[in-house]
Colleague: 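Structure provided below as structure tokens; questions to follow.
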Amino acid sequence: MAKGLEGKKVMIAASRKTDEMKTLIEKQGGEAFVRPLQGTTFLDEAEVTPAVQKVIEMEPDWFIFTTGMGTNSLLEIAEKAGKKEAFQTVIKRANVAARGYKTANALKSIHLVPDVRDDDGTTSSLIRALDGMDFTGKTVAVQLHGIQLPKLETFLLNQGAAVIKELLPYKHIAPELSTLETVRGELFDLPYDAICFTTQMQVHSLFQYAREQKFDGELLDLFKHTTLPAAVGKVTAEALREEGAEQLIAPDNQRMGAMIIELSNSYAP
């Protein structure tokens, strides 16, 4: 009996657990190529410390926290700068929204329950939860993590808010240019039958490079007709949709193995 990925070339965009993914793909009959698109993320404490002070002075009407790690880092940076009490005070005086259970748990450390929560960890879900709130003339501080969230920013601006985006404790460095160039060549010359993405950062890294090199339209066309993108998790799937990918694999079970099995089943006769 033929396996679903028999004769299929599958690119792995991840940088972690790639041996496990490679083994799973090969067990389904496929050929796996590891091409990490994650890039690196680092804590930019020196730049964020004055941003924390600025936010304390501005006393925003809203805080929106989007990641648990980023929220914890902001609280730690404020404490190191001797601004712990002042920072927590302005947060607790404001309305607070949180995306994801890890973010909500981080806020528990300062005895705060968010006024608004998403229901599935995605930005779209958070926006749905925020819809109907009055942001007219309100100042909103948004905690980001390595990348901007244009969909959230556009929503807030359309609602009449003034958005503060300096709370970006982590900065993202793109993948090696040589890797991106290799991926571009292989995408159109091999080409791949599928690409497995495990984080939204991998998706945005590829599309950012495609926009810079002016082949983003061709990339979307490739994803529509030739190379099937697969995502682990709703957040990664959301990133693909935000970039314009219409057809993709994203299992309800947000696990690497489930993604590969569903990918294999999609090709099975």
Side-chain angles (χ1 to χ4, degrees), residues 1-42 67-70 100-103 105 120-122 145-147 170 172-187 189-209 219 222-223 226-243 245 247-269:
M1 181 177 176
K3 297 176 180 178
L5 295 180
E6 196 77 48
K8 304 297 182 185
K9 295 180 172 63
V10 181
M11 186 188 116
I12 299 170
S15 56
R16 296 176 60 251
K17 297 187 177 180
T18 54
D19 287 342
E20 295 174 43
M21 293 181 70
K22 194 169 185 287
T23 298
L24 287 169
I25 290 166
E26 289 170 350
K27 282 183 178 179
Q28 295 299 315
E31 185 178 2
F33 301 78
V34 178
R35 301 289 184 263
L37 295 177
Q38 182 69 24
T40 56
T41 306
F42 68 96
T67 66
M69 185 182 295
Y101 73 91
K102 291 181 181 178
T103 308
N105 287 341
D120 66 4
T122 65
H145 190 93
I147 57 172
Y170 291 89
H172 179 246
I173 299 175
E176 293 288 335
L177 181 59
S178 58
T179 300
L180 290 164
E181 290 172 342
T182 297
V183 168
R184 179 183 183 179
E186 291 177 346
L187 277 170
D189 294 338
L190 277 179
Y192 294 111
D193 296 286
I195 301 182
C196 294
F197 296 98
T198 60
T199 71
Q200 62 176 337
M201 202 74 77
Q202 296 156 20
V203 175
H204 292 311
S205 290
L206 177 58
F207 274 91
Q208 179 61 35
Y209 174 68
L219 180 60
L222 190 81
F223 278 3
T226 306
T227 304
L228 181 62
V232 174
K234 294 179 180 179
V235 174
T236 307
E238 181 184 45
L240 280 163
R241 293 188 181 102
E242 285 179 351
E243 294 288 4
Q247 299 172 8
L248 57 110
I249 293 291
D252 291 332
N253 182 357
Q254 301 183 66
R255 295 290 185 270
M256 181 176 63
M259 173 189 66
I260 292 169
I261 292 300
E262 186 157 334
L263 179 64
S264 178
N265 289 341
S266 73
Y267 287 112

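Counting begins at 1 with the first residue of the sequence.
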Colleague: If you measure from CD on Glu242 to CD on Gln200, what distance do you get to the nearest 0.5 Å?
Modeller: 8.0 Å
Colleague: Quick one: list whatever passes salt bridge (charged side-chain N to carboxylate O under 4.0 Å, His left out) with Glu186, sequence neighbours left out.
Modeller: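 Once residues adjacent in sequence are excluded, the partners of Glu186 under the salt bridge (charged side-chain N to carboxylate O under 4.0 Å, His left out) criterion are Arg35.
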Colleague: Would you indicate whether the side-chain heavy atoms of Leu5 and Asp193 approach each other to under 4.5 Å?
Modeller: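 Heavy-atom side-chain distance check fails, nothing below 4.5 Å.
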Colleague: What are the two closest non-hydrogen atoms of Gly257 and Leu24, and how far apart are they?
Modeller: CA-CD1, 4.0 Å
Colleague: Determine the minimum heavy-atom distance between Pro36 and Thr179, stating which atoms define it.
Modeller: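 So the minimum-distance heavy-atom pair works out to O-CG2, 3.4 Å.
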Colleague: Find out whether His172 and Ser205 are in side-chain contact, i.e. whether some heavy atom of one side chain is under 4.5 Å from a heavy atom of the other.
Modeller: yes
Colleague: Let me confirm one number: the CD-CG distance from Gln28 to Asn265, rounded to the nearest 0.5 Å.
Modeller: 7.5 Å
Colleague: Do other residues, nucleotides or ligands put more than 12 heavy atoms under 6.0 Å from the CD atom of Glu181?
Modeller: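 Atom CD in Glu181 is crowded, with more than 12 foreign heavy atoms closer than 6.0 Å.
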Colleague: Please give me the minimum heavy-atom distance between Lys22 and Ala32, naming the atom from each residue.
Modeller: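 So the minimum-distance heavy-atom pair works out to CG-CB, 3.6 Å.
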Colleague: Please round to the nearest 0.5 Å and tell me the distance separating atom CZ of Phe197 and atom CG of Leu248.
Modeller: 10.0 Å
Colleague: Which residues satisfy the ring-ring contact (aromatic ring centres under 6.0 Å, His included) test with Tyr267, sequence neighbours excluded?
Modeller: none
Colleague: Any idea which heavy atoms bring Ala237 and Ala250 closest together, and the distance?
Modeller: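 Shortest heavy-atom separation between Ala237 and Ala250 comes out as CB-CB, 3.8 Å.
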Colleague: Side-chain contact test, heavy atoms from C-beta onward, threshold under 4.5 Å: evaluate it for Val183 versus Ile195 and give yes or no.
Modeller: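 Of all side-chain heavy-atom pairs linking Ile195 with Val183, none is under 4.5 Å.
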Colleague: What is the minimum heavy-atom distance between Gln202 and Ala14, and which atoms define it?
Modeller: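 Minimum heavy-atom separation between Gln202 and Ala14: NE2-CA, 3.5 Å.
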Colleague: Quick one: list whatever passes salt bridge (charged side-chain N to carboxylate O under 4.0 Å, His left out) with Glu238, sequence neighbours left out.
Modeller: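 Checked Glu238 against salt bridge (charged side-chain N to carboxylate O under 4.0 Å, His left out); zero matches.
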Colleague: Hey, could you give me the NE2/CD1 distance between His145 and Ile147, rounded to the nearest 0.5 Å?
Modeller: 9.0 Å
Colleague: Provide the closest heavy-atom pair for Leu187 versus Pro191 in the form atom of the first, atom of the second, distance.
Modeller: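 Answer, listing the atom of Leu187 first, then Pro191: O-CB, 2.9 Å.
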Colleague: Would you call Leu37 and Leu180 a side-chain contact if the rule is heavy atoms closer than 4.5 Å?
Modeller: yes
Colleague: For the residue pair Phe223 and Phe207, does the interplanar ring angle fall in the parallel (under 30°), tilted (30 to 60°) or perpendicular (over 60°) class?
Modeller: perpendicular
Colleague: With a 4.5 Å cut-off on side-chain heavy atoms, are Thr198 and Arg16 touching?
Modeller: no
Colleague: Regarding Ser15 and Gln38, do their side chains bring together a donor and an acceptor under 3.5 Å, going by distance alone?
Modeller: no
Colleague: Once you round to the nearest 0.5 Å, how far does CG of Leu228 lie from CD1 of Ile249?
Modeller: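 With rounding to 0.5 Å, CG (Leu228) is 5.0 Å from CD1 (Ile249).
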Colleague: Could you walk me through whether His204 and Glu243 pass side chain to side chain contact (heavy atoms under 4.5 Å, CB included), step by step?
Modeller: CA-CA 8 Å; His204 292 311; Glu243 294 288 4; 2.8 Å; yes
Colleague: For Val10 and Ile260, what are the C-alpha separation, side-chain angles and deciding distance, and is it a side chain to side chain contact (heavy atoms under 4.5 Å, CB included)?
Modeller: CA-CA 10 Å; Val10 181; Ile260 292 169; over 6 Å; no
Colleague: What's the spacing between Gln254 CD and Thr236 OG1 if we round to 0.5 Å?
Modeller: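 Result: 8.5 Å between the selected atoms.
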Colleague: Kindly check if the number of other-residue, nucleotide or ligand heavy atoms within 6.0 Å of OH (Tyr101) is above 12?
Modeller: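 No - once you tally the heavy atoms of other residues, nucleotides and ligands closer than 6.0 Å, there are 12 at most.
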